[in-house]
Each structure stands twice: as structure tokens, then as C-alpha cells.
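Beneath this line is the structure, given in C-alpha cells, with notes to follow.
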Number of protein chains: 2
Amino acid sequence: MYKGPEVLSFWRLALLSSIRDNGPDLTSRQMYILLTIYMSQPPHTVRGLAAQMQVTKPVITRALDSMEKLGFLKRAPDESDKRSILIQRTVKGAVFLRDFADTIEDPALTAE
Amino acid sequence: MYKGPEVLSFWRLALLSSIRDNGPDLTSRQMYILLTIYMSQPPHTVRGLAAQMQVTKPVITRALDSMEKLGFLKRAPDESDKRSILIQRTVKGAVFLRDFADTIEDPALTAE
DNA sequence: GCAATATGTTTCGTTGCCGAAATGATAGCA
DNA sequence: TGCTATCATTTCGGCAACGAAACATATTGC
């Protein structure tokens with residue numbers, strides 16, 4: 001585990017790599033949602049994410065809109081409760097996260 | 001060093017803590033600038049940061065405006081070249097970063 | 001001294017996110 | 001059947017960020 005100044009150093013270099021990477025720059029909330037979809041067990045719903053993050057549901061809806069437009073995830077109807085939707089992964093989203101992990105893990109990849 | 005999925009897990013939990021923290025939510029660029037001011041040797045100038053981050057100068061100017069308004073840093077004139085400014089630390093900025101480090105280091109701090 | 005260059009800021013128009021409130025659709029319950 | 005609650009979305013006005021270009025000021029070089 002990183003401790004003290006180390007964690008800030010890591011965070012700083014990771015940010016720099018990601019800033020220079022010229023990919024779509026997601027907000028913290030968008031990034032957290034994306035990571036959750038890919039790293040945590042389904043099902044994922046708007047209300048579930050909103051509760052977890054302690055934000056309102058429109059925040060989730062809008063973040064999903066943005067990332068669905070990018071092709072990083074997709075919505076699917078929940079047949080057992082038609083008020084709900086299920087948020088699902090896409091290949092493009094998986095690739096994006098894989099690249100992101102590589103980028104922040106090894107800052108040299110985007111060094112000048 | 002974190003590797004593979006680990007780095008994403010760490011990043012995800014750190015984001016969640018920071019989202020729930022109810023502090024000012026800085027953009028990636030703002031956060032990187034702030035970390036640089038506090039962790040890297042002065043002098044720090046607009047042009048220097050812009051070059052480092054590979055962004056345009058207005059991006060830096062506006063980020064400095066935001067964070068100066070928050071009291072996280074201050075501008076000081078460079079007497080040796082009056083076209084330049086020097087970006088300096090503040091107590092409030094140091095406290096913010098210290099809290100941020102604590103928060104992302106120990107997600108339990110903001111657990112429900 | 002004066003044109004060319006460099007620094008940081010401001011302006012312009014655009015885009016995107018925010019919270020709060022209202023809406024449409026579905027489900028639960030009596 | 002109706003009433004209420006829940007889920008997600010949309011709307012509204014406001015705020016903040018973006019890139020590109022123009023700007024004011026200061027410095028450099030001929």
C-alpha cells in the first residue's frame with residue numbers, strides 16, 4: 001500500500017499520464033461508475049450506484065448518457081422489473097480501462 | 001507498486017472516497033497543478049506547467065483562477081521578469097492535500 | 001530605438017455538468 | 001380498481017471548463 005507522500009506522488013504521475021493521453025477525459029464520477037461496472041458484480045442499476053456514491057440519480061443518468069455515447073457501456077431493460085435498467089459492459093469500455101490501467105501504472109508510456 | 005487489476009481497485013476506491021468527501025471537486029488538470037506546486041521544486045510558472053502538461057496556457061490561467069479563489073495557492077510577481085508570475089503554496093492548499101492523501105489512503109475514513 | 005518575440009490574460013462561442021423539481025412509466029398494496 | 005411508492009429520465013437555470021484567437025505588457029535582438 002502507498003503511504004503518506006508516496007500516494008500523492010503516484011496520484012500525481014498517474015494524473016499527468018492520463019491528462020497527456022488525449023483520451024476522453026471523464027469526471028471522477030464517470031470514472032468511478034465505469035470502474036464499478038467492470039470490477040464489481042452485477043447487477044448495476046441507477047439507484048444502486050446513486051446510493052453507493054451518495055449522489056442523486058440524475059447524476060448517474062447523465063453520466064451513463066455520456067459514457068454510452070462513448071460506447072463504454074450500454075443499458076439493457078430489466079425484464080423482472082421494467083422500471084429498472086441494467087448497466088452492461090462493452091468491449092470498447094474494457095479496452096479503455098485496460099489502456100487506462102497501463103497508462104497510470106507505467107507513466108513512461110506517455111512520457112514526452 | 002500496484003500492478004494490473006490492483007491499480008484499478010486502488011483507483012476506484014480512492015475515487016469513491018474523494019467523491020463522498022464533499023470537498024471541492026477539482027478537475028484532473030487542477031489537481032495535477034496543485035500537486036505539482038506542492039511536490040515539485042519551484043519556480044512554477046504558467047508556461048512551465050502548460051508545457052509539462054501539454055495543454056494551452058489559458059487552461060493553466062483558468063485553473064489557477066479557480067484554485068486561487070479556493071485559497072489553495074497564490075500568484076506572486078516575478079521581479080526578475082515582469083512578464084512572468086510565480087505560483088506559490090498556501091497553508092489552506094497544504095491542508096487540502098493532506099486531507100486528500102488521508103482520504104484516498106484509507107477509504108474507511110469516508111465509509112458510510 | 002524599434003520590430004519581433006515571449007508571457008500571461010481575456011474574450012468569444014460552445015459544450016458539458018450540476019442540483020432541484022417535474023415527468024412518465026411501472027410496481028405494490030388494499 | 002384506484003392510490004401510493006419507486007425507478008429512471010427530462011427539464012430548467014446556472015455555473016464552469018474548453019479551444020482558438022485577440023490582447024496588453026515586458027523583454028530581446030538587430
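Chain letters run A, B, ... following the sequence lines, proteins first, then strands; residues in each count from 1. All heavy atoms count here, side chains included; hydrogens, waters and symmetry mates do not. None of these values were measured; they are calculated from a predicted model.
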What is the per-nucleotide protein-contact pattern of nucleotides 8-16 of chain D, from the 5' end, where B denotes a base atom under 4.0 Å from a protein heavy atom, S denotes such proximity for sugar-phosphate atoms only, and - denotes neither? BBBB-----
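Across all non-hydrogen atoms, the minimal contact from B:Thr103 to B:Ser18 is CG2-N, 4.1 Å. Taking all atoms of both residues into account, the shortest heavy-atom contact from B:Arg12 to A:Thr36 is NE-OG1, 3.0 Å.
Summarising the geometry, the separation between CZ on B:Arg29 and C1' on D:dC18 is reported as 7 Å, rounded to the nearest angstrom. Taking atom CD of B:Gln54 as the reference point, atom C1' of D:dC18 lies 17 Å away to the nearest angstrom.
Between A:Asp65 and A:Lys69, no side-chain nitrogen of the basic residue sits less than 4.0 Å from a carboxylate oxygen of the acidic one, so the salt-bridge criterion is not met. Using a cutoff of 4.0 Å between basic side-chain nitrogens and carboxylate oxygens, B:Asp102 and B:Arg98 are scored as salt-bridged.
More than 12 heavy-atom neighbours from other residues, nucleotides or ligands sit within 6.0 angstrom of CZ on A:Arg75.
Judged by distance alone, with hydrogens and angles left aside, the side-chain atoms of A:Arg47 form no donor-acceptor pair with the main-chain N or O of A:Lys57 at under 3.5 Å.
A perpendicular orientation is assigned to the rings of A:Trp11 and B:Phe100, their planes being inclined by more than 60° (bins at 30° and 60°).
The side-chain heavy atoms of B:Ile87 and B:Leu64, taken from C-beta on, include a pair separated by under 4.5 Å.
Nearest-nucleotide positions on DNA chain C place A:Val55 closer to the 5' end than the other of A:Val55 and A:Glu79.
For DNA chain C, the span of nucleotides reached by chain A at under 4.0 Å from its heavy atoms goes, 5' to 3', from C:dC17 to C:dA27.
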